[in-house]
A.B. asks: 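Handing you this structure, nothing more for now.
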Amino acid sequence: MGRPRHTLPMTRSIDELLTNTVACNTREDLERKLKAGRPLRVKLGVDPSSADLHIGHSVVLRHMRRLQDLGHQAVFIIGQATAMVGDPSGKNAMRPQLTREDVAANAQTYFDQARLILDMDAVEVVYNSSWFDEMGFMDAIRLGGLMTVARMMERDTFEKRYKAGEAIGIHEFFYPLMQGRDSVEVKADIELGGTDQTFNLLVGRDLMREAGLEPQVCLTLPLLRGLDGTQKMSKSLGNAIGLTDPPRDMFGKAMSLPDELMEEWYKLVTDVPAADAAAAIAASPRDAKVDLARRIVATYHGDEAGASAVEEFERIFRQKGLPDEIPESELPGDMVDDDGVWIIRVLTHLGMAASASAARRLVKEGGVRVDGERVNDEQARVAPGTESLVQVGKRRFHRVTVPAR
RNA sequence: GGGGGAAUGCCCGAGCGGUUAAUGGGGACGGGCUGUAAACCCGUUGGCUUUGCCUACGUAGGUUCGAAUCCUACUUCCCCCA
């Protein structure tokens, strides 16, 4: 990670700064700031209420890395204060205030993951509670006076929710204002965010101007669509690849990506030039996806892990072989009687089925194998004094020892 | 302050006194097929050692032979008027 810093001219190419960006407000401002020749302060807000990063987050982080490599200063705002409001772009209830300890712990987890992409040692970290805690009610009123309802309602999520008859809390109006205030406090030159942040970022420009500062440049990046192929990647939607997912999972999930998204993913999560990616996809969609998946694993787990993930995947799915690591466990003796253990019990005990009913269904559907043999009888038992390989579906394996009586 | 609506299974959403664990999507899971955990096709999707039993339609009661469906109260949410 420790690349030499300040070796590239900060002004090298404005186009490089704009790689993958959807919008830049405004290009003129950006050019002017670059001309000054000083490192620019690049702000990124961190939501400390959840700390699990996925490769959707990596789009913005990768961009931050590019800016770091050009010699600019990354500034992370830990949104301790904003976390209690909750970004209106998501779900909307008032969230409980996180304790200082929670926030610190989540921030640390965030950094540990962001380190996979960024040079974290060179990042300036600021908690926005350090100024919001000092603000009184009157200050908040004054802040509120800088915005109008009409402008606030321009924001499409508010507009949609309002028209749909959904509740909008007054406090939610403060979220963009608070985020904008952060920009004033840290004197941001650039703020990065996904396209869903556009409104919030622009409020920062207004508030900076209001405070007599040069407005920040807002760079928005595309939202990576998740594994379902439609919605933006998000952990709660279950369509995400986590930065800390184990290699096998990362690879498999990437392989389940709909073909149509390959080009987009190549562009946003790898460094492969667009033309090369397009050519590879055209030549062989399957090979291109294997390559994409391998690159993703390699980015977070190293080249070796990438290579072995490919190998393992081929083995399991093309040759119907076994994975490298299979969890093993031994059933407690009191589960065993003379005939062994009922297969349904085995499955639920190992967590391979959510309930006995679910286990029965799996058997009925032909999804259960013991030592490679399909189990068709719901009453089947696993004999005592044996070690068996239990398999559910194509990719869940467990080696289980049934003790003798 | 007044008036009107709504709360259903993981999610969305039908049902509006009487087959029925409750139509239909989505998701998830299983099977088939394959170029992959893509696409496509088929199936499953409350619990329980399951020819049956139990628990379910915001909460608590009530009416009824019988309620998710009717009544009352409560809770939460939304809309309109002021």
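Proteins get letters first, then strands, A, B, ... in listed order; numbering begins at 1 in each.
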A.B. asks: Looking at every strand, decide which applies to A:Q379 at a 4.0 Å heavy-atom threshold: base, sugar-phosphate, or nothing.
C.D. replies: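 Answer is base: heavy atoms of A:Q379 come under 4.0 Å of a base.
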A.B. asks: Measure CZ/A:F397 against C1'/B:A37 and give the value in whole Å, please.
C.D. replies: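 Going from CZ in A:F397 over to C1' in B:A37 covers 12 Å.
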A.B. asks: Applying the Watson-Crick and G-U wobble criteria at under 3.5 Å, what pairs with B:U51? Answer none if nothing qualifies.
C.D. replies: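 B:U51 is unpaired by these criteria.
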A.B. asks: Counting heavy atoms from C-beta on, name the nucleotide in B:C48, B:G35, B:C33 closest to the side chain of A:K394.
C.D. replies: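 The closest nucleotide is B:C33.
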A.B. asks: Report yes if a side-chain nitrogen or oxygen of A:R286 is closer than 4.0 Å to either non-bridging phosphate oxygen (OP1 or OP2) of B:U36; otherwise report no.
C.D. replies: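 So the side chain of A:R286 is within the cut-off, an N or O lying under 4.0 Å from OP1 or OP2 of B:U36.
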A.B. asks: A:S357 has a side chain; which of B:G30, B:C48, B:U36 sits nearest to it?
C.D. replies: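 Nearest nucleotide to the side chain: B:C48.
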A.B. asks: For B:U72, which nucleotide in any strand shown is its Watson-Crick or wobble partner with both distances under 3.5 Å?
C.D. replies: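 In the structure as shown, B:U72 has B:A60 as its Watson-Crick or wobble partner.
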A.B. asks: Expressed as a whole number of Å, how far does the P atom of B:U69 sit from that of B:A37?
C.D. replies: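 Approximately 46 Å lies between the P atom of B:U69 and that of B:A37.
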A.B. asks: Between atom NZ in A:K364 and atom P in B:U49, what is the gap in whole Å?
C.D. replies: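 Answer to the nearest Å: 13 Å.
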A.B. asks: By the 4.0 Å heavy-atom rule, please label A:R361 as base, sugar-phosphate, or nothing.
C.D. replies: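 The answer is sugar-phosphate, as A:R361 gets under 4.0 Å only of primed atoms, P, OP1 or OP2.
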A.B. asks: Would you say the side-chain atoms of A:Q197 and A:E191 include a donor-acceptor pair closer than 3.5 Å?
C.D. replies: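 There is no such pair between these side chains.
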A.B. asks: Could you measure between the two P atoms, the one in B:U8 and the one in B:C48, and give it in whole Å?
C.D. replies: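 Going atom to atom, P in each nucleotide, I get 25 Å.
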A.B. asks: Measure from the side chain of A:K253, starting at C-beta and using heavy atoms only, and say which of B:A37, B:U50, B:U36 lies closest.
C.D. replies: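 The answer is B:A37, which lies nearest to the side chain.
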A.B. asks: Does the A:R315 side chain pair with the main chain of A:L322, one donor and one acceptor, at a distance under 3.5 Å?
C.D. replies: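 Yes, A:R315 side chain to A:L322 backbone: donor-acceptor pair under 3.5 Å.
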A.B. asks: Is any side-chain heavy atom of A:L243 closer than 4.5 Å to a side-chain heavy atom of A:I117?
C.D. replies: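 Yes - at least one pair of side-chain heavy atoms lies under 4.5 Å apart.
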A.B. asks: So which one's nearest nucleotide on RNA chain B is more toward 5', A:R374 or A:S284?
C.D. replies: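 Per heavy-atom nearest nucleotide, the more 5' residue is A:R374.
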A.B. asks: Quote, to the nearest angstrom, the C1' distance that separates B:A56 from B:G46.
C.D. replies: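 Their C1' atoms lie roughly 7 Å apart.
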A.B. asks: Report the C-alpha distance between A:T21 and A:H63 in whole Å, list the side-chain angles of each, state the deciding distance to 0.1 Å, and finish with yes or no for side chain to side chain donor-acceptor pair (under 3.5 Å).
C.D. replies: CA-CA 9 Å; A:T21 56; A:H63 200 74; 5.9 Å; no
A.B. asks: Looking across every strand, which nucleic acid part, if any, lies under 4.0 Å from A:P258 by heavy atom: base, sugar-phosphate, or nothing?
C.D. replies: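 Counting heavy atoms under 4.0 Å across all strands, the contact made by A:P258 is with sugar-phosphate only.
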A.B. asks: For B:C16, what is the paired nucleotide under Watson-Crick or G-U wobble rules, both distances under 3.5 Å?
C.D. replies: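 Its partner: none found.
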A.B. asks: Using both distances under 3.5 Å as the test, list the Watson-Crick or G-U wobble partner of B:U34, or none.
C.D. replies: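 Paired with no nucleotide.
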A.B. asks: Write down the distance between CH2 (A:W265) and P (B:U36), rounded to a whole number of angstrom.
C.D. replies: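 Taking atom P of B:U36 as the reference, CH2 of A:W265 is at 19 Å.
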A.B. asks: By the 4.0 Å heavy-atom rule, please label A:R248 as base, sugar-phosphate, or nothing.
C.D. replies: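 Base, at least one base heavy atom under 4.0 Å.
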A.B. asks: Distance check, P atoms only: B:G3 and B:U19, in whole angstrom units.
C.D. replies: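 Their P atoms lie roughly 37 Å apart.
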A.B. asks: Of the listed nucleotides (B:A37, B:G35, B:U49), which one gets closest to any side-chain atom of A:D249?
C.D. replies: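 Comparing B:A37, B:G35, B:U49 against the side chain of A:D249, the answer is B:A37.
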A.B. asks: Any N or O donor-acceptor pair under 3.5 Å from the base of B:G35 to the side chain of A:D287?
C.D. replies: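 Between B:G35 and A:D287, which were checked side chain against base, a qualifying N/O pair under 3.5 Å is absent.
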A.B. asks: For B:U72 and B:C79, measure between their P atoms and round to the nearest Å.
C.D. replies: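 The same atom, P, in both gives a distance of 25 Å.
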A.B. asks: Do A:D291 and A:Y266 have side-chain N/O donor and acceptor atoms under 3.5 Å apart?
C.D. replies: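 Checked: A:D291/A:Y266 side chains pair up, N/O donor to acceptor below 3.5 Å.
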A.B. asks: Closest to the A:K289 side chain: B:A38, B:G35, B:C29?
C.D. replies: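 Taking heavy atoms from C-beta onward, the closest nucleotide is B:A38.
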A.B. asks: In whole Å, what separates the C1' atom of B:G35 from that of B:C29?
C.D. replies: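 The answer is 23 Å between these two C1' atoms.
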A.B. asks: If we take the C1' atom in both B:A22 and B:G15, what is their distance in whole Å?
C.D. replies: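 It works out to 8 Å between them.
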A.B. asks: Give none if B:C29 has no partner; otherwise give the nucleotide forming a Watson-Crick or G-U wobble pair with it, both distances under 3.5 Å.
C.D. replies: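 Check on B:C29: paired to B:G43, both distances under 3.5 Å.
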A.B. asks: Using purine N1 to pyrimidine N3 plus N6-O4 or O6-N4 for Watson-Crick, or N1-O2 and O6-N3 for G-U wobble, each under 3.5 Å, what pairs with B:C77?
C.D. replies: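 B:C77 is paired, partner B:G5.
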A.B. asks: Could you give the CG-to-P distance, from A:D228 to B:C29, as a whole number of Å?
C.D. replies: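 In whole Å, B:C29 P and A:D228 CG are 13 Å from each other.
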A.B. asks: Using whole Å, report how far CG of A:D291 lies from C1' of B:U36.
C.D. replies: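 Rounding to the nearest Å, CG of A:D291 and C1' of B:U36 are 14 Å apart.
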A.B. asks: More 5' along RNA chain B: A:F251 or A:R345, using each one's nearest nucleotide?
C.D. replies: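 Its nearest nucleotide lies further toward 5', so the answer is A:F251.
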A.B. asks: Indicate, with a heavy-atom threshold strictly under 4.0 Å, whether A:G366 touches base, sugar-phosphate, or nothing.
C.D. replies: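 Sugar-phosphate: the residue A:G366, judged by heavy atoms under 4.0 Å, touches backbone atoms but no base.
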A.B. asks: Nearest of B:C48, B:A38, B:G35 to any side-chain atom of A:A356?
C.D. replies: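 For A:A356, the side-chain atoms sit closest to B:C48.
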A.B. asks: What I want to check is whether the side chains of A:R225 and A:N239 have a donor and an acceptor closer together than 3.5 Å.
C.D. replies: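 Checked: A:R225/A:N239 side chains show no N/O donor-acceptor pair below 3.5 Å.
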A.B. asks: Is A:E263 atom CD crowded by more than 12 heavy atoms from other residues, nucleotides or ligands, each under 6.0 Å away?
C.D. replies: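 Check fails, neighbour count at 12 or below.
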A.B. asks: Under 3.5 Å, is there a donor-acceptor pair linking the side chains of A:Q68 and A:D119?
C.D. replies: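 Note: A:Q68 and A:D119 side chains miss the donor-acceptor criterion.
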A.B. asks: Pick base, sugar-phosphate or nothing for A:L227, based on heavy-atom distances below 4.0 Å to the nucleic acid.
C.D. replies: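 Since no nucleic acid heavy atom lies under 4.0 Å of A:L227, the category is nothing.
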A.B. asks: Does A:S256 put a side-chain nitrogen or oxygen below 4.0 Å from OP1 or OP2 of B:U36?
C.D. replies: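 No, A:S256 has no side-chain N/O under 4.0 Å of OP1/OP2 on B:U36.
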A.B. asks: Have a look at A:S355 and say if it touches a base, only the backbone sugar-phosphate, or nothing, with a 4.0 Å heavy-atom cut-off.
C.D. replies: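 Sugar-phosphate: the residue A:S355, judged by heavy atoms under 4.0 Å, touches backbone atoms but no base.
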A.B. asks: Does OP1 or OP2 of B:C29 have a side-chain N or O of A:R395 closer than 4.0 Å?
C.D. replies: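 Answer is yes, contact under 4.0 Å.
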A.B. asks: Tell me if a side-chain donor or acceptor on A:R396 pairs with a main-chain N or O of A:M352 at a distance below 3.5 Å.
C.D. replies: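 Checked: pair present.
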A.B. asks: Taking the six-membered ring for Trp, does A:F313 stack with B:U36 (centroid gap under 5.5 Å, planes within less than 30°)?
C.D. replies: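 So no, this residue does not stack on that base, at least one cut-off failing.
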A.B. asks: Taking the side chain of A:E365 as its heavy atoms from C-beta onward, which of B:U49, B:U50, B:G30 lies nearest to it?
C.D. replies: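 The answer is B:G30, which lies nearest to the side chain.
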A.B. asks: For the C1' atoms, the ones on B:G17 and on B:C12, what distance do you get once it is rounded to whole angstrom?
C.D. replies: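 Comparing C1' positions in B:G17 and B:C12 gives a spacing of 26 Å.
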A.B. asks: Starting at CD1 of A:I296 and ending at C1' of B:A37, how long is that distance when rounded to a whole Å?
C.D. replies: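 Computing the A:I296:CD1 to B:A37:C1' distance gives 14 Å.
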A.B. asks: With a cut-off of less than 4.0 Å, is there a side-chain N or O of A:R396 near OP1 or OP2 of B:G30?
C.D. replies: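 Checking A:R396 against B:G30: at least one side-chain N or O falls below 4.0 Å of OP1 or OP2.
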A.B. asks: How long is the line joining CE of A:M255 and C1' of B:U34, in whole Å?
C.D. replies: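 Roughly 12 Å, once rounded to whole Å.
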A.B. asks: Starting at CZ of A:F317 and ending at P of B:C33, how long is that distance when rounded to a whole Å?
C.D. replies: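 Computing the A:F317:CZ to B:C33:P distance gives 16 Å.
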